[in-house]
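Written below as structure tokens is the structure these notes are about.
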Amino acid sequence: MEDRNKLNLRLSSLSLRRNGSTSSNNNDQDPKELINILPSYQMYRSTIKKNLTPTTEDLRTAPPMYELTPLSSCNSSIHEDYFGSIADSLANSHANSLANSPVLAPQQPDDDIDADTLLENSHKLKRLSSTNKEISQSLSINVYLTECIGKIGEPYKIIDPLSLELKQGQYIYGFVKITNKTTKDIPFDSFSVQLEGTSVFGKHQKTLTEPPYHIDRFLTMFDFHASWNDAFLDRLVTDHNDPFGYTVLKDPIDNTEVQLNVHKVFKPNTSYKKFFTFKMPEKLLDSACNHSLIQHLQLPPTLGVSKHEVITSLRQKWKSRPAPDSKQHQHQEHDEGHKYKYASLTQDFAIADTSISYCVSARIIGRASGYSDLVGSTNALTKQNPDEFVVANEDYTYLRVIPVTKPLFELNRSMIHQEARLLYTNMLLKIQEAIELGKDILQTTPQEERTNSPSPPPPQLPDLQPTSSNVEMAKMQQSYYSKVNQREDQTGSASKRPSDLYEVFAPFKKKSVFGKTSKLIGLIAISTPRKEYKIDYIPHIKKSNKPINTKISIPIDISFIFAESQTSSASASTTLPDFKSVSAEVVGITIKSKRIPIPLVIHSEMLFENKNTNGDNFDVLIIRKFQKLSLELAKLLRDLGQSRLGVDKQLIRDMKCLSNLSSKYTNLKCKQISIDDGNGTDTHKNLASIGWIKEKVSHDQIKFSKKINVDLDLSDLSIKPAPNTTLGEFCLIPDFQTCLMARVYYLNLDFKLNNMEKIALKVPLIIQRS
């Protein structure tokens with residue numbers, strides 16, 4: 001994880017400098033005003049790789065001075081033996097002092113100290129501003145977004161970050177303003193400006209201040225120009241800075257200094273301003289997914305409200321609250337109706353205490369002892385360990401990111417899903433082979449020869465026998481496939497094979513007068529071509545008149561065959577099923593893993609099987625299935641051992657992930673639905689007005705069918721069971737999948753019969769920002 005984040009930080013800075021800036025925040029073209037930089041190793045070590053443990057480095061005091069021996073007083077023999085004598089002296093006399101010195105000690109390999117870098121652990125540091133309000137007022141820091149790239153001497157326009165819905169390749173311009181309002185120098189050891197993407201997984205039903213149990217930082221971009229570093233490099237092509245010399249350079253617009261002090265101090269009564277520029281990456285680094293799944297490398301959208309964003313907004317309100325007797329306080333009381341808007345803007349049906357957020361962060365980090373004058377020497381944070389690093393103050397500006405679906409990814413979507421099906425099938429095959437092997441070993445190996453002590457056998461359940469109704473239903477379905485579908489393929493009237501269709505079967509029964517018994521009349525089959533239906537993401541901030549596609553038309557083929565041959569057409573017409581209505585709903589599923597990466601791309605066959613049962617969902621098909629397989633395989637592993645079954649640790653880890661997934665379902669009813677006769681000419685209010693078409697498929701089998709189109713407009717949805725809720729109160733974000741979280745959709749079409757029974761047909765739905 002540390003290696004991945006290190007590479008992420010490093011490449012992000014290079015990518016940023018290769019793609020400069022334009023004059024507008026909405027322009028996606030590469031700007032030419034920013035200078036390309038390649039950070040030196042020293043810059044990398046002093047910023048990104050800065051160690052979490054404080055060293056004796058101190059840039060605030062002058063280095064020691066040494067007297068130089070005059071060259072004329074030294075002969076050649078002394079020069080020849082100089083380096084050798086010094087090397088021997090250092091090796092022998094001062095070996096212990098070198099090893100114990102934190103500055104001169106040999107550096108450990110990078111892999112050994114990745115986990116101890118300051119930036120990687122900045123979120124774990126103690127916050128002085130969280131317990132002391134005075135330090136936030138004495139050393140203020142604020143992050144602002146601007147419409148154009150920031151330049152010295154040019155006016156800027158500050159924009160609301162929540163007025164944007166950012167996408168890949170879009171630039172983020174702004175500046176950070178730091179003000180020391182005291183009469184003393186305030187030291188710091190690190191000042192960083194970063195673009196961060198974070199997935200937070202909290203503890204369900206815990207308090208707001210309860211720390212999350214897992215945080216995944218999938219995106220970290222570091223701006224070398226905005227952050228403190230050793231050199232004063234040119235940011236724009238028009239700059240001519242001395243990289244090794246510090247000069248006080250001020251912006252005449254607001255009289256702020258645009259260079260941080262070389263001695264790492266904020267001068268008294270001085271304001272500093274650092275411009276930053278970030279570009280949203282096209283995708284995550286390949287190292288972000290251990291399973292190398294393409295879909296897991298796409299940028300996820302903003303989801304849910306980050307708990308840290310809520311705390312940050314409350315803390316900012318607490319810091320800036322004026323005195324009760326001030327005029328500003330009276331104005332604030334008058335404006336209490338205004339509420340802070342979070343980056344999610346609205347309800348997006350995220351799992352509680354789970355979020356995906358993006359922000360521009362700025363942090364001032366220093367030793368606790370350096371802030372004793374601000375917080376008091378008796379403060380517990382500075383008194384406990386005065387040399388530890390603490391966050392003196394920080395600020396965050398949260399962003400709303402809604403990625404677009406790239407054409408290349410859209411063209412390869414079917415291939416990605418086909419690969420996902422193969423990986424899923426292969427995983428199941430491996431698990432089943434291991435279980436079968438374990439059962440064979442248990443049957444053929446005596447108990448005393450087994451490697452592990454056997455566990456007691458599970459209780460035997462009585463064999464379940466199928467009822468006569470289920471047997472008759474299975475025979476009818478087999479007859480449907482063998483006679484109806486086979487004949488259609490031969491005649492060419494319907495070239496679709498069963499594998500090319502989403503098809504659901506349901507028995508049609510006639511109940512007795514008292515409703516206690518029922519008689520099987522026939523079989524109903526409802527099918528539609530196997531296809532993924534797509535609609536556009538509906539933005540909250542509409543800046544163009546570009547039409548948004550929210551309408552889809554689903555062709556439906558309804559067939560019915562009798563259980564017994566009908567000799568009389570009159571009796572057949574009286575017992576044909578009569579459909580009362582058709583309804584549709586969008587089902588959104590949010591899936592998350594607790595900590596282990598999801599090993600698969602979730603596809604439609606994992607969401608439903610069109611079995612027309614209550615258990616036709618992701619929880620039963622995947623979570624409960626793998627829970628059962630995990631228990632069965634775990635028993636065999638205890639009895640026989642891992643080596644005898646040939647099960648690798650990665651497979652066990654993947655099973656553990658899938659069996660511990662969490663899910664949340666959201667059902668949204670479609671209000672605008674219409675039916676036509678399949679040709680798109682006549683619109684009908686219900687299915688009963690469309691007559692059955694009779695067709696003889698064999699000497700003893702007759703098929704009745706209806707061909708219709710179900711037309712939906714998904715711009716008008718309501719949350720079940722609240723019919724009056726409009727789309728403006730919630731948001732359907734584009735579907736996405738990462739290693740730890742996913743949001744997928746499908747359409748559920750309910751065909752209601754007059755006997756109040758429902759037949760549900762499910763088809764996949766894709767929501768994308770185009």
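Computed over heavy atoms, backbone and side chain alike; hydrogens, waters and symmetry mates excluded. Positions are given from 1 along the sequence. Computed from a predicted model, the values in this text were never measured in an experiment.
- Remark: side-chain polar atoms of Asn617 are paired, donor with acceptor, to backbone N or O of Val620 under 3.5 angstrom.
- For the pair Asp648 (side chain) and Leu651 (backbone), a donor-acceptor distance under 3.5 Å is present.
- At most 12 non-hydrogen atoms from other residues, nucleotides or ligands lie less than 6.0 angstrom from NZ of Lys430.
- A donor-acceptor contact under 3.5 angstrom links the side chains of Thr550 and Asp713, judged on distance only.
- Nearest heavy-atom pair across Ser659 and Gln627 is O-NE2, 3.0 Å.
- Listed for the Asp735 side chain is no donor-acceptor partner under 3.5 Å among the backbone atoms of Ile766.
- Taking the charged nitrogens against the carboxylate oxygens, Glu282 and Lys167 have no contact shorter than 4.0 Å, which rules out a salt bridge.
- Under the 6.0 Å cut-off for aromatic ring centres, Tyr358 and Tyr398 do not qualify, their centroids lying 6.0 Å or more apart.
- A distance-only check finds no donor-acceptor pair linking the side chain of Asp223 to the backbone of Phe278 [under 3.5 Å].
- Residue-environment remark: CG (Asn614) stays at or below the threshold of 12 foreign heavy atoms within 6.0 Å.
- Using modelled atom types, one finds a donor on one side chain and an acceptor on the other under 3.5 Å when comparing Glu532 with His417.
- A 6.0 Å sphere centred on NZ of Lys656 holds no more than 12 heavy atoms belonging to other residues, nucleotides or ligands.
- Sparse packing is recorded around CD1 of Ile294, with 12 or fewer heavy atoms of other residues, nucleotides or ligands lying under 6.0 Å away.
- Judged by distance alone, the side chain of Ser199 and the main-chain N or O of Ile356 form no donor-acceptor pair under 3.5 Å.
- Here the side chains of Met606 and Arg421 are not in contact, with every heavy-atom distance at 4.5 Å or above.
- Listed by first then second residue, pairs satisfying side chain to side chain donor-acceptor pair (under 3.5 Å) with a partner in residues 591-600 read His214-Arg595, Thr354-Lys592, not counting sequence neighbours.
- There is a side-chain donor-acceptor pair under 3.5 Å between Asn709 and Asp676.
- Formation of a donor-acceptor pair under 3.5 Å by the Asn549 side chain with backbone atoms of Ile535 is not found in this model.
- Remark: side-chain polar atoms of Gln347 are not paired, donor with acceptor, to backbone N or O of Cys731 under 3.5 angstrom.
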Please determine whether salt bridge (charged side-chain N to carboxylate O under 4.0 Å, His left out) holds for the pair Asp500 and Arg530, giving the CA-CA distance in whole Å, both sets of side-chain angles, and the decisive distance to 0.1 Å. CA-CA 5 Å; Asp500 297 329; Arg530 186 176 291 269; 6.0 Å; no
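- Around NZ of Lys706, the count of heavy atoms belonging to other residues, nucleotides or ligands within 6.0 Å exceeds 12.
- In this structure Lys762 satisfies the salt bridge (Lys or Arg N to Asp or Glu O under 4.0 Å) test together with Asp616, sequence neighbours excluded.
- Judged by a 6.0 Å distance limit and a 45° cone about the ring axis, Arg769 is not positioned over the six-membered ring of Tyr537.
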Decide yes or no on salt bridge (charged side-chain N to carboxylate O under 4.0 Å, His left out) for Lys669 and Glu585, but give the supporting numbers first. CA-CA 4 Å; Lys669 186 178 180 181; Glu585 61 183 16; over 6 Å; no
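- Donor-acceptor pairing under 3.5 Å is recorded for the side chains of Arg743 and Thr590.
- Side-chain N/O atoms of Thr405 and Glu410 include no donor and acceptor closer than 3.5 Å.
- In this structure a side-chain-to-backbone donor-acceptor pair under 3.5 Å is missing from Gln194 to Val360.
- Side-chain atoms of Ser306 come within 3.5 Å of backbone atoms of His308 as a donor-acceptor pair (strictly under, hydrogens ignored).
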